2 protein chains.
Amino acid sequence: MKLSLRGEYALRALLVLGLNHTQPVLRIQTISQQQNIPKRFLEQILNDLKSAGVVESKRGVAGGYRLARPPEDISLATVIRHIEGALAPVSCVSERFYEKCSCPDEAKCAIRSVMKQVRDAIVKLVEKLTVADLCERARKLQEIHAGPVDFMI
Amino acid sequence: MKLSLRGEYALRALLVLGLNHTQPVLRIQTISQQQNIPKRFLEQILNDLKSAGVVESKRGVAGGYRLARPPEDISLATVIRHIEGALAPVSCVSERFYEKCSCPDEAKCAIRSVMKQVRDAIVKLVEKLTVADLCERARKLQEIHAGPVDFMI
DNA sequence: AAAATCTCTATTGACTTAGTAGAGTATTAT
DNA sequence: ATAATACTCTACTAAGTCAATAGAGATTTT
């Protein structure tokens, strides 16, 4: 039931890009340093997100990445599905990555029925959540934790 | 976000054991044949479930496995956690398998905050669901799909 | 004693993951 | 033009995981 590091890095990078959505572009190195992600690895990931239409890039001296769409139009579901594949815990209940399983009869499979519920719960959440939500949360969490300290200074 | 085959096999085996809870014991081979699970692989899995206190075994000629507790006392969460480890999609939000992640500040991490929600949704479901629920569903699905056909014969 | 069945440990091949490497292409500033 | 910068594309690798398979041993019943 795990998200790979690759997937986590993708989300972290998109969060940074979302928070800097006003900027023309952000360099890989900037994101990599800010988020403790190996640069060459992040390169691959961002490139991959580009092929998903989630980010776009500009080459050359003033180059970098930025979101290809408004943050509120990029759902976590889209991102995770592109990087990881199925959201469903077993592929026989996946909508877009369906694969037959080895059970004797899929239609009568109780595991399948239960896993469908789990899938739905996950999908419902991550389809609603967007990069914009991530950004909002990041700002809130920043306030809560940094705010009081700032006042004390 | 995937369950391993091992985990799926475990649930399938427990379903069979649950449906035959009245029997003294069931042989590995019986379960293996009924569910298309490689026998030697299932051996390992059942043995593992035994160490989790979920099933108990009897050796020798009339030996086999049975549930160690009533089906309604065995939650899917217990089983999956024992076979797979964390239910949480990232280990920094796992209650029992916590591991620090590489993000700059866990307390301010928006990904973490979101993943906590996903974790909670999953945990809420699989903690409530038990082997008894699996059995009930299996019986219902059997009725729905086999019933009409039986009438037609 | 023999047969059946679970038990324990080890091994294997295929695959995935996380990361590294190198050469190449586009863009900008000078 | 040319150098510097930054993305791009492909390949590689070391480590780990997964799904089995295998063999020898222990226990129980007949």
Side-chain angles (χ1 to χ4, degrees), chain A residues 1-13 17 23-33 35-52 54-68 80 83-86 89-91 97 99 101-102, chain B residues 1-13 17 23-33 35-52 54-68 80 83-86 89-91 97 99 101-102:
Chain A
M1 315 283 279
K2 268 277 192 63
L3 195 68
S4 68
L5 261 189
R6 197 183 179 84
E8 196 189 317
Y9 289 163
L11 295 179
R12 302 231 300 257
L17 289 172
Q23 304 279 323
V25 293
L26 245 60
R27 281 182 303 162
I28 291 178
Q29 201 176 2
T30 309
I31 304 172
S32 143
Q33 282 174 357
Q35 288 289 326
N36 287 321
I37 303 172
K39 192 189 152 197
R40 296 303 303 266
F41 194 23
L42 182 58
E43 256 177 58
Q44 285 178 21
I45 296 167
L46 284 172
N47 208 319
D48 192 8
L49 287 175
K50 187 183 166 184
S51 78
V54 168
V55 298
E56 54 194 23
S57 66
K58 189 165 180 289
R59 287 180 165 191
V61 172
Y65 279 92
R66 65 192 195 104
L67 299 182
I80 298 176
I83 300 277
E84 309 267 321
V90 293
S91 37
F97 299 89
E99 270 177 87
C101 86
S102 66
Chain B
M1 317 283 280
K2 268 278 192 59
L3 195 69
S4 69
L5 261 188
R6 197 181 178 85
E8 197 189 317
Y9 289 163
L11 294 179
R12 302 231 299 258
L17 289 173
Q23 305 279 324
V25 293
L26 246 59
R27 279 181 304 161
I28 290 179
Q29 200 176 2
T30 308
I31 304 172
S32 144
Q33 281 173 357
Q35 289 288 325
N36 287 320
I37 303 172
K39 192 190 152 197
R40 296 303 302 266
F41 194 22
L42 183 57
E43 256 177 56
Q44 285 178 22
I45 296 167
L46 284 172
N47 206 319
D48 192 7
L49 288 175
K50 187 183 168 186
S51 78
V54 168
V55 299
E56 54 194 22
S57 66
K58 189 167 180 288
R59 285 180 167 189
V61 172
Y65 278 94
R66 64 191 197 104
L67 299 182
I80 298 175
I83 301 277
E84 309 266 323
V90 293
S91 38
F97 299 88
E99 270 175 87
C101 87
S102 65

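Residue numbering restarts at 1 for every chain, and letters A, B, ... go by the order of the sequence lines. These numbers come from a predicted model, not from an experiment. Note: hydrogens, waters and symmetry copies are ignored here, and every other heavy atom, side chains too, is used.
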ask   = With a non-hydrogen cut-off below 4.0 angstrom, is A:K50 in contact with a base, only sugar-phosphate, or nothing?
value = sugar-phosphate
inquiry  = Over all strands shown, is B:E43 touching base, sugar-phosphate only, or nothing at heavy-atom distances under 4.0 angstrom?
reply    = base
key: Verdict with supporting geometry, A:E56 and A:K50, salt bridge (charged side-chain N to carboxylate O under 4.0 Å, His left out)   = CA-CA 6 Å; A:E56 54 194 23; A:K50 187 183 166 184; over 6 Å; no
key: Per A:R59 side chain, nearest of listed nucleotides D:dT8, C:dT20, D:dA4   = D:dT8
message = Quick one, A:Q44 with A:R6, criterion side chain to side chain contact (heavy atoms under 4.5 Å, CB included). Give me CA distance, side-chain angles, the key distance, then yes/no.
response = CA-CA 10 Å; A:Q44 285 178 21; A:R6 197 183 179 84; 3.6 Å; yes
Taking N or O atoms only and anything under 3.5 Å, show me the protein contacts with nucleotides 10-16 of chain C, one pair per line.
| from | atom 1 | to | atom 2 | distance (Å) |
| --- | --- | --- | --- | --- |
| C:dA10 | N6 | B:Q44 | NE2 | 3.4 |

message = Below the 4.0 Å mark, does D:dT17 have OP1 or OP2 next to a side-chain nitrogen or oxygen of B:S4?
response = no
ask   = Phosphate oxygens OP1/OP2 of C:dT5: is one of them under 4.0 Å from a side-chain N or O of B:Y65?
value = no
inquiry  = Counting the atoms with a prime plus P, OP1 and OP2 as sugar-phosphate, which does A:L46 contact under 4.0 Å by heavy atoms, base, sugar-phosphate, or nothing?
reply    = nothing
inquiry  = Measuring from the side chain of A:F41 (C-beta onward, heavy atoms only), which nucleotide among C:dT27, C:dG19, C:dT7 has the closest atom?
reply    = C:dG19
key: Option from B:V54, B:T30, B:N47, B:L42 for which side chain to side chain contact (heavy atoms under 4.5 Å, CB included) with B:Y65 holds   = B:N47
ask   = Are B:N47 and C:dC6 close enough that a side-chain N or O sits under 4.0 Å from OP1 or OP2?
value = no
ask   = What closest approach, in Å, do A:A13 and A:L46 show between heavy atoms, and which atom pair accounts for it?
value = CB-CD2, 4.2 Å
